[in-house]
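What follows is a single structure, written as structure tokens, with notes after it.
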Amino acid sequence: GMVLCVVMILVANMLVSFQPFVLAKIINLIQAANINDTNAALPPLKWAAMYGALIIAFWILHGPARVIERKTAFHILENSTNALYKKVTEMPLKWHQDHHSGDTINRINKASHSLFNFAQNEFVIVQMAVRFCMAMILLGTYSLGVLAASLTVSVVVAVIIRQFDKVLVPLIKQTNDGEHRLSATLFDYISNIITIVTLRVQSHTRDGVTHRLDTMRPVFWRSFLLNEYKWASVDMSLTLVQTGIVSGYIAIHLLQHQPMEIGAVVAIFQYLLMIKNVFYDGAQVYSVLMHRSADLHSVDDLNADHARLA
């Protein structure tokens with residue numbers, strides 16, 4: 001099921017990657033058309049029909065593939081939740097006394113949903129890989145210089161993203177640890193809410209919750225700041241490069257007095273925009289994967305303790 005799903009998503013994204021190429025054909029045909037020719041509109045209209053057909057073909061493949069993917073993801077959620085719950089029920093009473101129930105619940109939820117969310121969004125990784133490769137290949141058909149510049153910049157931007165994430169990943173683990181402690185505190189208070197209301201210690205318990213949140217604030221603040229620096233660096237770098245490459249392509253043709261097709265310029269701009277979106281999505285996906293990895297590792301202690309029972 002998942003192999004078919006991946007193949008469908010791969011083909012769907014290969015097809016939709018030809019849209020800028022088809023758009024360039026339409027523009028070039030219009031640019032070269034003889035206004036006195038009554039049949040001049042037919043070739044652009046044929047290519048326009050193909051442009052629409054690419055979107056229809058994309059959804060014929062992409063839609064059913066996503067349904068398969070999300071159904072599979074639910075089965076993974078079901079199996080992982082049951083497996084972790086089974087391990088908890090098999091742990092001795094001493095283990096339960098040493099591990100807070102609220103903390104354990106939070107860890108199981110985070111780990112199970114990290115697998116679920118990864119499984120239901122695997123298409124994004126396939127989509128990014130296909131669109132990046134197709135954009136590079138089709139850029140090469142217009143200009144090898146543009147292809148070389150795009151590949152070089154892609155490597156530089158990937159390094160920038162990696163440097164930021166080296167700092168952000170440890171912060172994610174600290175954030176998760178804080179959330180586990182907050183969950184344990186809330187579980188304590190809410191499970192004993194009748195006693196808290198009877199003794200009128202609501203204000204004291206709110207102070208406890210506030211304290212937990214206060215200890216999380218510095219890590220959140222730092223991750224927020226670094227995250228915005230990362231996005232700004234990636235976005236500005238890619239936008240400047242996109243503008244520079246298109247401007248350079250136009251300038252070279254004008255300086256060398258070479259004929260230039262407007263459609264080619266549009267296609268190059270569109271493919272550079274596709275690459276920019278791939279990096280933007282890639283940076284976001286990588287950040288999400290780091291969060292999910294940290295969530296999945298939340299149950300490492302449970303798995304290790306359960307393994308020692310064997």
Side-chain angles (χ1 to χ4, degrees), residues 1-6 9 65-126 165-166 168-196 205 208-209 211-213 215-217 219-220 223 227 284-310:
M2 279 305 293
V3 174
L4 175 63
C5 170
V6 170
I9 291 169
R66 285 288 287 132
V67 172
I68 294 169
E69 185 178 49
R70 298 192 76 178
K71 283 183 176 179
T72 304
F74 181 79
H75 290 308
I76 290 170
L77 172 65
E78 187 177 36
N79 292 338
S80 63
T81 302
N82 281 328
L84 288 170
Y85 176 70
K86 182 174 181 291
K87 287 181 180 180
V88 169
T89 59
E90 290 172 351
M91 298 306 292
L93 287 175
K94 178 67 169 62
W95 186 91
H96 288 284
Q97 290 168 354
D98 294 339
H99 293 80
H100 197 284
S101 298
D103 181 88
T104 303
I105 291 167
N106 197 50
R107 289 174 186 274
I108 290 174
N109 281 332
K110 278 183 172 289
S112 297
H113 279 86
S114 71
L115 288 172
F116 170 70
N117 288 320
F118 175 76
Q120 74 166 343
N121 290 303
E122 281 183 282
F123 83 97
V124 178
I125 297 169
V126 178
D165 286 333
K166 278 183 180 178
L168 282 167
V169 170
L171 295 178
I172 294 170
K173 186 179 184 306
Q174 291 178 42
T175 300
N176 266 11
D177 289 342
E179 288 176 357
H180 297 323
R181 288 190 290 270
L182 175 63
S183 178
T185 300
L186 286 170
F187 182 87
D188 271 345
Y189 292 157
I190 294 172
S191 61
N192 293 289
I193 194 66
I194 295 173
T195 304
I196 288 169
T205 55
V209 173
H211 172 70
R212 289 295 187 200
L213 289 166
T215 58
M216 293 165 64
R217 185 178 289 111
V219 179
F220 269 107
S223 64
N227 202 48
Q284 187 171 11
V285 166
Y286 185 75
S287 177
V288 170
L289 285 176
M290 291 304 98
H291 277 89
R292 287 175 187 162
S293 175
D295 290 345
L296 189 58
H297 285 297
S298 296
V299 291
D300 281 354
D301 289 344
L302 169 61
N303 288 328
D305 291 344
H306 185 269
R308 280 193 286 269
L309 292 177

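Values reported hereafter were calculated over all heavy atoms of this structure, with side chains retained and with hydrogens, waters and symmetry mates removed. Predicted model, so just to flag it, every value in this text is computed and none were measured.
- In terms of the salt bridge (charged side-chain N to carboxylate O under 4.0 Å, His left out) criterion, K166 has no residue partners (sequence neighbours excluded).
- Here the shortest heavy-atom pairing between A65 and C5 reads O-SG, 3.2 Å.
- A heavy-atom distance below 4.5 Å is found between the side chains of L168 and S223.
- A distance-only check finds no donor-acceptor pair linking the side chain of H96 to the backbone of S101 [under 3.5 Å].
- In terms of the ring pair (Phe, Tyr, Trp, His ring centres under 6.0 Å) criterion, Y189 has no residue partners (sequence neighbours excluded).
- Applying the salt bridge (charged side-chain N to carboxylate O under 4.0 Å, His left out) test to every pair with at least one member in residues 116-126, sequence neighbours left out, gives no pairs at all.
- Atoms CD1 and NZ, from I76 and K71 in turn, are 14.5 Å apart once rounded to the nearest 0.5 Å.
- For the residue pair E69 and Q120, the shortest heavy atom distance occurs at OE1-O, 3.3 Å.
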Yes or no on side-chain contact (heavy atoms from CB on, under 4.5 Å) for Y85 and I108, after CA distance, side-chain angles and deciding distance?
CA-CA 8 Å; Y85 176 70; I108 290 174; 5.5 Å; no
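- Taking the six-membered ring for Trp and thresholds of 30 and 60 degrees, H113 and F116 have ring planes more than 60 degrees apart, a perpendicular arrangement.
- Under a 3.5 Å cut-off, the side chain of T81 and the backbone N or O of E78 do not form any donor-acceptor pair.
- The existence of a salt bridge linking K87 and E90 is excluded, since no basic side-chain nitrogen approaches an acidic carboxylate oxygen closer than 4.0 Å.
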Applying side-chain contact (heavy atoms from CB on, under 4.5 Å) to T104 and W95, what does each step give before you reach the verdict?
CA-CA 11 Å; T104 303; W95 186 91; 4.1 Å; yes
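- Annotation: side chain of P92 is in contact with side chain of L309 (closest heavy-atom distance under 4.5 Å).
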Step by step, would you call R107 with L302 a side-chain contact (heavy atoms from CB on, under 4.5 Å)?
CA-CA 9 Å; R107 289 174 186 274; L302 169 61; over 6 Å; no
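- To the nearest 0.5 Å, atoms CG (D188) and CD1 (I193) are separated by 11.5 Å.
- The CG atom of L77 sits 9.0 Å away from the CG atom of N117 when rounded to the nearest 0.5 Å.
- Within the 4.5 Å cutoff, side-chain heavy atoms of L84 are placed close to those of N303.
- The 12-atom threshold is not exceeded at CZ of R70, counting heavy atoms of other residues, nucleotides or ligands nearer than 6.0 Å.
- Within the 4.5 Å cutoff, the side chain of M216 has no heavy atoms near those of the R181 side chain.
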